[in-house]
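Here is how names work: the chains are called A, B, and so on, in the same order as the sequence lines, proteins then strands, and each is numbered from 1. Quick caveat: nothing in here was measured; it's all calculated off a predicted structure.
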Amino acid sequence: MVRLSKVYDALLEALGIIAALLLAFVVLGITAEIVVRGTGLGSLPWMIEIVEYSLLAVTFLAAPWVLKHSAHVSVDLLVEIVGPRGRRILALVANSAGLIVCAVIFYYGLRSTIELYAADTKIFKIMTIREWWLFALVPVSGALMAIEFVCRLFRWVAASGEEPAARPVDTGL
Amino acid sequence: ADTVTLKAGTFLPSVDRIWYPHIRTWIKRANEAGAAHGLQVKMVAAGFKAMNPFQMGNAVKSGVLDLVHLSGTFYNKLLPIADAQKMSTVPVQQQRTNGTFALLRPLHAEKMNVHYLGRWGDGVNFHFYLTKPIQGASLKGFKIRGTSVYQSFIEALGGVMITTPPSQAYAGLERGVFDGLGWPLWGIHAWGWQKVLKYRVEPGFFTAEVSVLVNLDTWKKLTPAQQKVLNDVQIRLENEFGTKREETNKSQRALQARDGVKAIVLEGAERKKFLETATRAGWADVMKKDPVNGPKIRKLTELK
Amino acid sequence: MEWYFALGMLLGMLILFMATGLPVAFSFFAVNLVGAVVFLGGEAGLMQLVRNAVWSVTTFSLAPIPLFILMGEIMFHTGMAFRAIDAVDRLIARVPGRLSLVAVTGGTIFSTLSGSTMANVAMLGSSLLPEMQRRGYHPSMAMGPILGTGGIAMLIPPSALAVLLASLAQMPVAELLIAGIVPGLLIALLFFAYIVVRCRLNPGLAPAYVQEDLAPGDRFIPFLIYVVPLMTLFVLVVGSILAGWATPTESAALGAVGAVIAAVAYRCLTRHALRTALVEAAKVTGMALFIICASVTFAQILAFSGTVDGLLEITIELDFSPITLLILMLLILLALGAFIDQLSMMLITLPFFMPLAQHAGFDLVWYGVLLLVVLEVSLTTPPFGLLLFVMKGVAPPEITLRQVYVAAGPFIALELLVLILVVVYPALATWLPNLIIRP
Ligand code: NA
Ligand code: NA
């Protein structure tokens with residue numbers, strides 16, 4: 001169990017690193033396009049699409065890792081006011097709702113992916129890619145986040161007490 | 001009986017003043033004629049506001065939308081042959097009788113779960129609009145803002161294609177990020193581009209097209225009378241559009257001329273080369289996407 | 001279902017979920033599950049929800065968000081930002097409220113360079129606040145300016161929030177970025193004037209102290225070395241748009257590359273700093289884009305349920321004058337801003353506000369600047385202003401949250417004054433973009 005949770009943690013950290021590397025790639029890719037175009041060497045018309053797919057990957061790969069680090073912005077107005085008992089009830093409701101949301105995202109994400117795979121739909125832009133490649137990110141992300149919410153619920157039962165109060169998060173904007 | 005309300009969508013923004021009024025009229029007539037038969041059409045997703053147009057194909061397939069006015073370029077991922085409609089040179093009235101609809105209807109039903117009700121918008125060509133003049137049928141050294149519709153043609157003419165959202169095209173043209181764009185004859189004023197564009201290349205090429213699709217489950221649940229209402233409204237638009245579009249073609253050219261967008265008219269061999277390249281590149285793209293149905297539809301929709 | 005019932009149900013559920021502490025993105029998703037089943041057609045609606053989530057973030061116009069955030073993180077983690085503040089500190093001498101002015105100036109400079117207001121407040125709060133306290137500055141004069149300038153970051157480009165607003169509301173990005181410059185500088189100027197006047201009238205607020213005498217060289221040279229070259233980053237971002245090298249979206253990448261090059265030039269780019277900056281930027285990006293994933297379906301549900309049309313019709317029937325309409329919208333945002341974060345504010349209100357703004361015939365760039373100012377103010381309005389919590393977090397323990405609220409007060413008032421000025425004189429927002437971008 002402990003071992004499994006270590007693997008899970010390591011996986012999420014790896015996803016975070018991948019997301020960071022994708023960001024670096026986006027910066028370099030766009031800059032390359034500007035330079036190539038500006039120096040009259042032509043154009044990298046597929047770069048826009050690659051950047052778009054990278055943004056998608058960053059979003060879904062990073063989401064479980066962000067959740068693990070409690071860095072998804074939340075409104076803790078009520079959580080701060082109520083006592084420990086109220087806080088436990090709120091945590092139970094919030095984490096159950098989160099679990100349901102992620103389970104639904106996982107299930108319908110998986111179904112969409114399978115349907116797209118079966119129909120073999122392609123996206124014709126500058127590059128031609130298979131649509132299910134993109135959608136496959138959704139069930140993966142949904143499943144990992146569902147696991148995180150299950151962990152939180154377990155922690156809540158086991159610790160019989162304080163869910164650490166969420167701190168205001170840097171929205172960075 | 002209860003009234004059936006069809007949720008409609010289109011890629012055209014409702015503030016558009018040249019294309020969208022046709023849809024408004026279409027819906028108004030459908031609702032007038034449908035009132036007696038318990039049928040109502042309600043626009044819920046126009047333009048990018050409520051739904052990305054690239055998703056409307058899926059939405060009408062699944063039944064999230066019941067009816068769409070949508071160009072093939074927005075749903076070619078579901079039905080690659082949809083792109084072929086931009087290459088058609090026969091009028092829609094002829095398509096209805098010469099077997100084109102008979103070919104397209106089962107394909108739409110099978111791949112997209114929709115009834116292909118009809119198409120309009122044909123006979124309005126695409127053009128290259130430029131900030132500097134071209135010499136003959138070549139785009140060598142030109143960077144053109146375009147979409148997948150124009151890609152094969154731009155490349156065949158030796159140009160470089162750049163993709164940006166239309167909202168960024170103005171700044172791109174003004175600052176020289178690109179030297180022109182591809183767009184239908186109608187509607188450059190909606191984006192203010194007439195202020196930075198200097199030339200329009202004549203002739204135009206390909207054709208605009210708006211296909212009208214109804215979710216197949218929805219269609220089957222409609223009574224024959226309700227289906228007739230939609231059919232009649234559609235055929236009426238197709239016929240009216242055919243008679244009115246030359247007026248608008250003329251007024252759009254005049255409007256552009258008034259605002260300083262001069263026509264560069266390719267003549268003789270250059271004109272021939274330009275049009276032949278368009279045809280070759282455009283059809284090659286269709287054949288690549290659907291080698292089975294591509295040749296069939298070319299036979300049906302290319303004017304001999 | 002009547003539209004007002006649908007609206008009540010959707011917003012009610014959203015508030016309930018958010019109140020439990022469920023993160024904003026998941027709260028939106030939770031409401032979407034119900035809304036998709038009811039208004040988008042059962043399972044087909046849930047499949048649509050997934051498609052919306054995928055395609056909403058597969059959008060090039062969102063690229064500046066991670067890029068601007070990365071730019072700020074690089075400035076912060078390499079220490080370039082601290083050096084710039086220190087240089088400003090040396091430059092300003094013998095003026096009443098000197099350290100407060102350093103906060104305003106440094107904050108304005110840093111905010112022009114980063115898209116991140118939080119980083120700004122955290123940095124200034126942790127570096128300047130202890131120093132101010134040691135010098136006997138009144139808490140309000142110490143924390144107020146820091147809180148105030150934190151928000152200027154949103155108006156002066158690069159600004160991730162402006163890009164986000166533009167892409168959610170389909171406003172022209174380049175115009176909006178440039179339109180924020182004049183109001184942003186105006187706010188900085190008013191802060192400056194306020195501090196000087198207050199401190200002159202009441203020297204006890206910011207006791208003068210003896211400074212070590214610096215040779216003119218020691219005062220000006222650090223500024224020339226550490227601040228002036230950084231301004232080229234601003235020039236790079238805005239200039240590359242104007243010169244036609246890059247589209248507004250692409251320019252953000254140049255900013256990030258420029259920040260890295262600057263860090264190399266200052267010899268402060270360590271592998272650790274670069275890695276931390278990338279990882280932190282990825283975290284914020286993942287958070288912000290995941291909310292956008294949920295938002296598209298939310299807006300769709302509002303449209304499909306007839307809520308948007310219903311509200312639009314009733315507003316048109318009531319026949320408000322455009323100015324009444326504007327004031328109503330800004331008041332709603334101010335009220336919301338006291339409780340929830342900026343992203344949620346935009347996501348909840350924009351589906352209603354944009355059609356209304358178009359109906360009223362507002363200039364979208366002007367309207368966008370007003371929204372940005374309100375969003376900025378909302379960061380510092382009690383009880384929930386995020387910046388207030390950040391400040392409380394970095395301030396010494398004896399500072400109470402109430403003191404933080406009080407300190408923010410005058411600066412909120414000045415920002416509201418600028419808001420009113422922009423309403424009355426739209427040229428404050430539209431003059432600069434008209435001059436350099438618009439036809
Ligand atoms: Na900024
Ligand atoms: Na607030």
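Looking at C/Gln358, only its side chain comes within 4.5 Å of chain B, counting heavy atoms on both sides. At a 4.5 Å heavy-atom cutoff, the contact between C/Ala246 and chain B is made by backbone atoms alone.
Considering CG of B/Asn52 and OG1 of C/Thr59, their distance stands at 7.0 Å, rounded to 0.5 Å. A distance of 9.0 Å separates OG1 of C/Thr297 from CE of B/Met51, quoted to the nearest 0.5 Å. The structure places CG of B/Asn58 at 7.5 Å from CD of C/Gln48, a figure rounded to the nearest 0.5 Å.
Identified under the side chain to side chain donor-acceptor pair (under 3.5 Å) test for residues 27-40 of chain C, with sequence neighbours left out: none.
The environment of B/Trp186 atom CH2 is dense: over 12 non-hydrogen atoms of other residues, nucleotides or ligands sit within 6.0 angstrom. Around NZ of B/Lys28, the count of heavy atoms belonging to other residues, nucleotides or ligands within 6.0 Å does not exceed 12.
Residues B/Val64 and C/Ala44 come closest through the heavy atom pair CG2-O, 3.5 Å. Between C/Phe39 and B/Lys7 the shortest heavy-atom distance is O-NZ, 3.8 Å. The heavy-atom pair separating C/Arg51 from B/Ser62 by the smallest distance is NH2-OG, 3.7 Å.
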